[in-house]
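Excluded from the calculations below are hydrogen atoms, water molecules and symmetry mates; all remaining heavy atoms, backbone and side chain alike, are included. Order of the sequence lines sets the chain letters (A, B, ...), proteins ahead of strands, with each chain counted from 1.
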Protein chains: 2
Amino acid sequence: MTSAPYASRERSTKERILGAAEALFATHGFAGASLRQVTAAARVNLAAVNYHFGSKDKLIEEVFRRRLDELNSRRLAALGKIANQDETQLEDVLDAYIRPALDLSRTDGGGAAFVRVLARAYAEHNDTLRRFLSDNYGHVLRQFAAEFGRLLPGLAREEIYWRLDIVTGALTYAMADFGIIQRKSDVAERDHREAAADHLIRFAAAGLRNPSVSNSPVTR
Amino acid sequence: MTSAPYASRERSTKERILGAAEALFATHGFAGASLRQVTAAARVNLAAVNYHFGSKDKLIEEVFRRRLDELNSRRLAALGKIANQDETQLEDVLDAYIRPALDLSRTDGGGAAFVRVLARAYAEHNDTLRRFLSDNYGHVLRQFAAEFGRLLPGLAREEIYWRLDIVTGALTYAMADFGIIQRKSDVAERDHREAAADHLIRFAAAGLRNPSVSNSPVTR
DNA sequence: GTTTGAATCAAACGATCGTTTGAGAGTACG
DNA sequence: CGTACTCTCAAACGATCGTTTGATTCAAAC
């Protein structure tokens with residue numbers, strides 16, 4: 001009924017928990033953010049987490065699933081529009097890979113926080129999480145590798161993966177705003193991230209096109 | 001360097017704590033690794049941490065200081081040998097920046113673990129730790145930026161920092177072994193890291209040399 | 001032999017952790 | 001009405017956390 005004792009909530013309890021968890025995991029890490037912090041920030045009862053998600057670990061997994069499903073479907077959609085076409089440039093594929101991550105980091109609903117959560121997951125080096133990411137989203141990377149391979153016929157498959165790995169590392173680092181470059185006060189955060197993505201795409205394109213293949217130690 | 005294998009019993013209590021803390025922080029994070037785990041792994045009494053270091057936070061800081069001081073000086077020493085010389089190549093400067101991190105990750109006694117700890121520190125986004133790292137590394141980064149600027153006269157100072165930021169991100173990611181590339185069983189870990197550094201240097205050199213700059217120049 | 005002080009130890013401190021419980025509020029349907 | 005079901009709530013559970021305490025060990029100094 002509309003005669004609830006307190007004001008009706010705009011968002012459900014589950015959604016408020018997910019949002020608060022995302023922000024706090026980004027700031028304090030998975031072990032560092034307690035369920036008491038999460039439920040206090042979400043203004044829900046402590047027991048609501050275990051009621052709705054079962055456990056803290058399941059909550060963490062759900063925080064990932066909610067964002068990654070959308071991120072990777074966007075990546076695949078962008079890739080589908082340009083894959084196997086004659087006029088496709090390397091920058092287009094990089095854009096399909098990087099831009100959705102940038103867009104995610106700009107969404108109002110906590111996407112920026114999630115990008116830091118994602119970076120943290122890499123750092124955690126947790127095998128369970130790695131398996132979860134590999135199982136659910138490994139096919140995305142494989143499709144991008146195939147398209148990069150088509151556009152870079154001079155590179156072996158393994159070389160493609162080495163370089164994609166470097167791009168992913170730089171992307172993770174950049175989108176999580178780890179960097180040494182501090183955003184100036186007169187630059188909006190989205191403009192800062194836009195500039196970061198722009199630099200990253202250009203840098204990555206040059207690195208990917210590099211004809212120098214390493215099968216011997218670096219000359220000096 | 002002077003530590004022999006299986007010498008843990010002869011090492012001091014402080015050193016055993018530092019080694020065990022480094023390994024456990026790398027695996028479980030700063031919040032995730034308890035002092036009980038650390039002291040059990042080091043085979044010392046629980047109270048030894050607070051006796052020798054004062055607190056867990058001070059222990060964390062000491063784990064960093066021990067490694068960063070050496071990495072710091074090695075990078076500057078390598079840079080000092082090639083800076084401001086006519087025959088210096090871009091790859092030489094990148095090598096001076098990247099190779100000490102690789103060497104650190106190959107040292108016995110926990111260096112590889114520390115690289116993961118360092119990557120985790122970036123992910124933690126903790127202001128205290130960032131300040132600590134900035135104080136220790138700020139001048140190093142500035143010296144490298146100056147040398148890169150000399151070798152890349154076509155790039156603005158800010159562009160140099162953008163690209164160095166990307167290199168640092170990829171280096172952090174690669175050295176911490178976050179990557180999707182799984183080391184094959186017949187490849188030794190040091191060979192795997194050597195290959196990663198080799199790929200990274202080539203990739204970074206191509207990215208740094210890229211004449212294409214952002215179409216939205218920043219005015220100072 | 002006595003004293004001194006650093007180092008180690010078992011034990012316990014209070015705080016906080018994730019999780020569980022059981023009662024109660026609210027809603028829907030007969 | 002009664003019943004059933006979903007959700008919320010305060011409270012407490014046992015476990016583990018970082019830290020502290022006080023006794024004990026032991027080698028060097030006096």
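- Look at CZ on B:Phe53: it is 14 Å from C1' on C:dA7, rounded to the nearest Å.
- The CD1-C1' distance, from B:Ile60 to D:dC17, rounds to 14 Å in whole Å.
- A close approach under 4.0 Å does occur between a side-chain nitrogen or oxygen of B:His52 and OP1 or OP2 of C:dT8.
- Ionic pairing of B:Glu62 and B:Arg65 is present here: one or more N-O contacts between side-chain nitrogen and carboxylate oxygen are shorter than 4.0 angstrom.
- Between B:Phe64 and B:Phe114 the shortest side-chain heavy-atom distance falls below 4.5 Å.
- A salt bridge links A:Asp198 with A:Arg202: at least one charged nitrogen is closer than 4.0 Å to a carboxylate oxygen.
- Residue B:Leu35 contributes atom CG, which lies 15 Å from atom C1' of C:dA15 at whole-angstrom precision.
- Of the two residues contacting DNA chain D, namely B:Val49 and A:Tyr51, the nearest-nucleotide position lying further toward the 5' end is that of A:Tyr51.
- Of the candidates C:dC17, D:dC9, C:dA11, C:dA11 carries the atom nearest the B:Leu46 side chain, counting heavy atoms from C-beta on.
- Taking the side chain of B:Arg36 as heavy atoms from C-beta on, and the options D:dT19, C:dC17, C:dG18, the nearest nucleotide is D:dT19.
- One finds no side-chain N or O of B:Asn50 lying less than 4.0 angstrom from the OP1 or OP2 phosphate oxygen of D:dG18.
- Atom-to-atom, CG of B:Leu59 to P of D:dC17 comes out at 15 Å; the value is rounded to the nearest Å.
- Contact annotation: B:Asn45 reaches the phosphate of C:dA10 (side-chain N/O to OP1 or OP2, under 4.0 Å).
- Applying salt bridge (charged side-chain N to carboxylate O under 4.0 Å, His left out) to A:Glu70 and the options A:Arg67, A:Arg66, A:Arg74 leaves one that passes, A:Arg74.
- Between B:Phe144 and B:Tyr97, the ring-plane angle classifies as perpendicular under the 30° and 60° cut-offs.
- Contact annotation: B:Ser55 side-chain N/O to D:dG18 OP1/OP2 distance is not under 4.0 Å.
- A:His28 has its NE2 atom 14 Å from the P atom of C:dT16, to the nearest Å.
- Rounded to whole Å, atom P of C:dT20 lies 11 Å from atom NZ of A:Lys58.
- Each of A:Lys56 and B:Val44 has a nearest nucleotide on DNA chain C; the 5'-most of these lies closest to B:Val44.
- Spacing between atom CD1 of B:Ile17 and atom P of C:dA7 amounts to 11 Å, rounded to whole angstrom units.
- When each of B:Thr13 and A:Asp57 is assigned the nucleotide of DNA chain C with its nearest heavy atom, B:Thr13 is the one assigned upstream, toward the 5' end.
- Closest to the side chain of A:Ser34, from the set D:dC7, C:dC9, C:dC17, is C:dC17.
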